[in-house]
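Just so you know, residue 1 is the first one in the sequence shown, and it goes up from there. For ligands, and for the atoms within them, numbers begin at 1 and follow the listed sequence.
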Amino acid sequence: MDILSQWLVIEKLKTGDMAPIKFAILTVSDTCAKNEKTDESGAALKQLINDIYNTKDNRQGKVVCFETVSDEVSLITKILTDWSDKKIANVILTTGGTGFSNRDVTPEATKSVIHKEAPGLSVAMLMSSLKITPMAMLSRAVCGIRNQTLIINLPGSPKAAKECFSAIAETIPHAIDLLLDNKEEIKDTHNIVQHDISTCSHNKFYINTNAATRLRESLFPMVSVEEAVDEIVRSAREENKTEVEVIDANNAYGRMLYDEVYSNCHLPPFRASIKDGYAVLASDGKGKRKVLCGVKAGASDIPVVLVPGTCVRVNTGAPIPDEATAVVQVEDTKLVSKTSDGIEEDEIEIMIEPKEGQDIRSIGSDIEKGSLVLETGTYIGVAEMGLLAACGNYKISVQKRPSIGILSTGDELQETGMPLEPGHVYDSNKITLISLLKENNYDALDFGIAVDDEIIMVDRIKTAIEKVDILVTTGSVSMGDRDLLKPILEKHFEATIHFGRVNMKPGKPTTFATCLYKNKKKYFLCLPGNPVSAFVTAHLFVLPLLRYLQFDISESIVVVAKMSSYYALDERPEYVRATLKWEIFDHYPIAYITGNQISSKLLNCKRANALLKLPKRTKSQLALQEGDFVPAILISKMTYK
Ligand code: AMP
Ligand code: MG
């Protein structure tokens, strides 16, 4: 079965309009029951269920009840029997009371109510937990079935409860189908399993979350920044598919023109005065003229005919009489006499010798009707927008823009807006990247934060690539045991990883991958999580990818700058944030490095208008000195005093 058909089967299974799986969560804890502690595990499981089962294209699941009891067999059994006998839930998750302490009795209570055991689930959870900690072997969790309800014991800590449930979450829908005898769905799942889809035997990467046995050296060869960009260009060009759309010219700012644009009118469309003054016959030379009338800009006809000795008063941009051969600016004239009411000029004197054609814009002298104004492949910037309007183009063909989304990854991340929870940091990467893209005329979609969990990450990535062509992620590409992104892309999306390590500082783990999803090429730029690394690599890799996908061959501006101070070179080529300042009489801008260059410190990106491209340290060059010249990639148009 090819990958597309496999997806289709999965889709069918997942998106059928079946009743959502009902979950009930029972927190077993003396302290929580007495309100001495908040129930974090119950809340974490509720959130996890929401994350796993509530995306558009997943089998739906919802938490229907939520209760806390103390570690008493009688209380636990009462609730378990109540919830299962009254068919309140398909799955009851208990959290807490599975350990070795005196009060831990959840497994005993569970055993006393279940009709059948389901040891496979406990084993799966145990195997997965043992990869994280050997302490997992002290769990006595029991899983079993009462009537049509599945009862699962989970550990008491929020982290362990989430990890255990994640290990079995994928199989829950099928377990429920079996309990409820949902024949169609059972058949579909068997179909998948027989074709070995869910296990994805092709994967080159084993997703190993075991800290002890994880790889200690990246499998990916180190490529240079130049090689990495070449790879991005090659991959973007491979597509070589021009998708075009016709849009309103007023919305064309920042787009790449597909068709040539010709002028729909002459510019100016009539003979126009360049000055405020008088339209005259140049052959009359200097001397007095009778003022026949005044013509303002916008006048549609001129009610007089110029004859020798006469003139017409005109404003800048006003049409001039057909007979006029020059315009004399008002500064070169004198008033001779007024009309009897004293309001109008009657006669003026021309003080200079007018030249033929002086201060007249002839028809089409700026742009001729039908002439080529903008070539195919032109970037539509500020001036181009003006030209489109001036030439009367209302609709134009432009390259379709690739759609782009941002996803942050990390267990520790929190959206802004609420007080920080312990062990958490606010997600700053997403908004940084969204803003960088906004600055470059892209509206990026925000796909939120994915915790470092295989099921959740797969789900989030899938949701994203349903909607966008390019997914930019941050985090989860380093060497930690929770850095799952590369293996996930290979295992679940059959992605090709074009590079997974770049010889640069910051940004070494930057990864570029592509895959075919529903017959469409999708691009993944997986940036490191450190905020400065994400900032730098977005400039160096994300923006070029976007440009190349639109056939935009423009490049960042690189200038030569002079170091303001000593700087020790790194063993990798480094992209150092700096503020360039231009002094009027200096040929070169001076580069002021923005303080400590540590990659977690976003403050060093503040006011940075350039990335200094510094070479790696060699035996003969250990540092740069004040006054040394370096290439500087401009990343902002601003200069600061
Ligand atoms: P990682 O690349 O996932 O190993 O993360 C490296 C560092 O970057 C850790 O200190 C993370 O807490 C931090 N980090 C990762 N993602 C973000 C983010 N979206 N916003 C702020 N810091 C982040
Ligand atoms: Mg991380």
Side-chain angles (χ1 to χ4, degrees), residues 51 132 159 162-163 166 205 207-211 214-220 404-438 444-461 464 471-489 497 499-502 504-513 524-542 572 575 577 596-606:
D51 287 344
I132 299 163
K159 183 170 173 291
K162 278 200 300 182
E163 280 162 0
S166 299
F205 271 84
I207 299 189
N208 187 357
T209 52
N210 180 340
R214 74 184 135 147
L215 291 170
R216 285 180 190 268
E217 208 178 298
S218 172
L219 291 175
F220 293 92
I404 182 162
I406 312 290
L407 174 69
S408 292
T409 71
D411 285 335
E412 76 282 30
L413 299 182
Q414 194 182 312
E415 298 280 10
T416 54
M418 296 292 277
L420 257 189
E421 285 170 26
H424 281 62
V425 293
Y426 288 122
D427 173 6
S428 61
N429 286 346
K430 205 148 42 73
I431 193 64
T432 306
L433 297 179
I434 288 174
S435 308
L436 174 68
L437 292 166
K438 199 180 215 174
L445 294 184
D446 177 348
F447 288 105
I449 297 168
V451 290
D452 296 316
D453 173 273
E454 185 177 351
I455 296 177
I456 292 170
M457 278 179 143
V458 170
D459 182 69
R460 290 295 160 87
I461 294 170
L471 180 61
V472 180
T473 62
T474 60
S476 202
V477 280
S478 314
M479 292 296 294
D481 52 323
R482 308 306 299 165
D483 291 326
L484 308 170
L485 208 45
K486 287 184 238 202
I488 282 180
L489 289 178
I497 304 215
F499 59 81
R501 219 157 40 124
V502 186
M504 64 186 294
K505 186 187 171 185
K508 188 165 86 169
T510 305
T511 298
F512 173 55
F524 300 95
L525 261 167
C526 310
L527 313 182
N530 264 319
V532 180
S533 316
F535 176 85
V536 169
T537 52
H539 277 94
L540 295 181
F541 303 118
V542 178
R572 280 175 273 153
Y575 290 78
R577 282 70 65 207
N596 183 337
Q597 292 291 294
I598 185 166
S599 64
S600 55
K601 195 170 172 185
L602 196 53
L603 265 180
N604 68 41
C605 296
K606 192 182 74 173

Would you say Glu412 touches ligand 1, if touching means a heavy atom closer than 4.0 Å? yes

Could you tell me whether Lys430 and Asp446 have a side-chain N and a carboxylate O separated by less than 4.0 Å? yes

Residue-ligand contact Ser478/ligand 1, heavy atom below 4.0 Å: yes

Decide side chain to side chain contact (heavy atoms under 4.5 Å, CB included) for Val502 and Phe541; before the verdict, give the C-alpha distance in whole Å, the side-chain angles of both, and the deciding distance to 0.1 Å. CA-CA 11 Å; Val502 186; Phe541 303 118; 4.2 Å; yes

Between Gln597 (side chain) and Arg577 (backbone), is there a donor-acceptor pair under 3.5 Å? yes

Considering only the protein, which heavy-atom contact is closest to atom 22 (N) of ligand 1, and what is its distance? Pro531 CG, 3.8 Å

Looking only at non-hydrogen atoms, find the nearest pair between Tyr426 and Thr416 and report the distance. CD2-CA, 3.7 Å

Using heavy atoms and a threshold below 4.0 Å, how should the contact between Leu413 and ligand 1 be classified: side chain, backbone, both, or neither? side chain

Mode of Ser476 contact toward ligand 1 - side chain, backbone, both, neither (heavy atoms, under 4.0 Å): backbone

Taking only heavy atoms of Tyr426 into account, list the atoms of ligand 1 that are under 4.0 Å away from them. 20 (N), 21 (C)

Under 3.5 Å, side chain of Arg501 to main-chain N/O of Thr510, donor-acceptor pair present? no

Identify, for atom 17 (C) of ligand 1, the protein heavy atom at the shortest distance, and state residue, atom and that distance. Asn429 ND2, 3.3 Å

Considering only heavy atoms from C-beta outward, does the side chain of Thr474 approach that of Leu433 to under 4.5 Å? yes

For Ser476 and Asp452, work out which heavy atoms get closest and say how close. OG-OD1, 4.0 Å

Taking atom 6 (C) of ligand 1 as the reference point, the nearest protein heavy atom with its distance: Asn530 N, 3.8 Å

Side chain to side chain contact (heavy atoms under 4.5 Å, CB included) assessment of Leu437 paired with Val472: CA-CA 11 Å; Leu437 292 166; Val472 180; 5.5 Å; no

Protein residue, atom and distance nearest to atom 19 (N) of ligand 1, heavy-atom basis: Asp427 OD1, 2.6 Å

Number the atoms of ligand 1 from 1 as they appear, then name those within less than 4.0 Å of a heavy atom of Ser408, with their elements. 19 (N)

Contact partition for Ser428 relative to ligand 1, non-hydrogen atoms under 4.0 Å: both

among protein heavy atoms, the one nearest atom 23 (C) of ligand 1 is Gly529 O, 3.4 Å

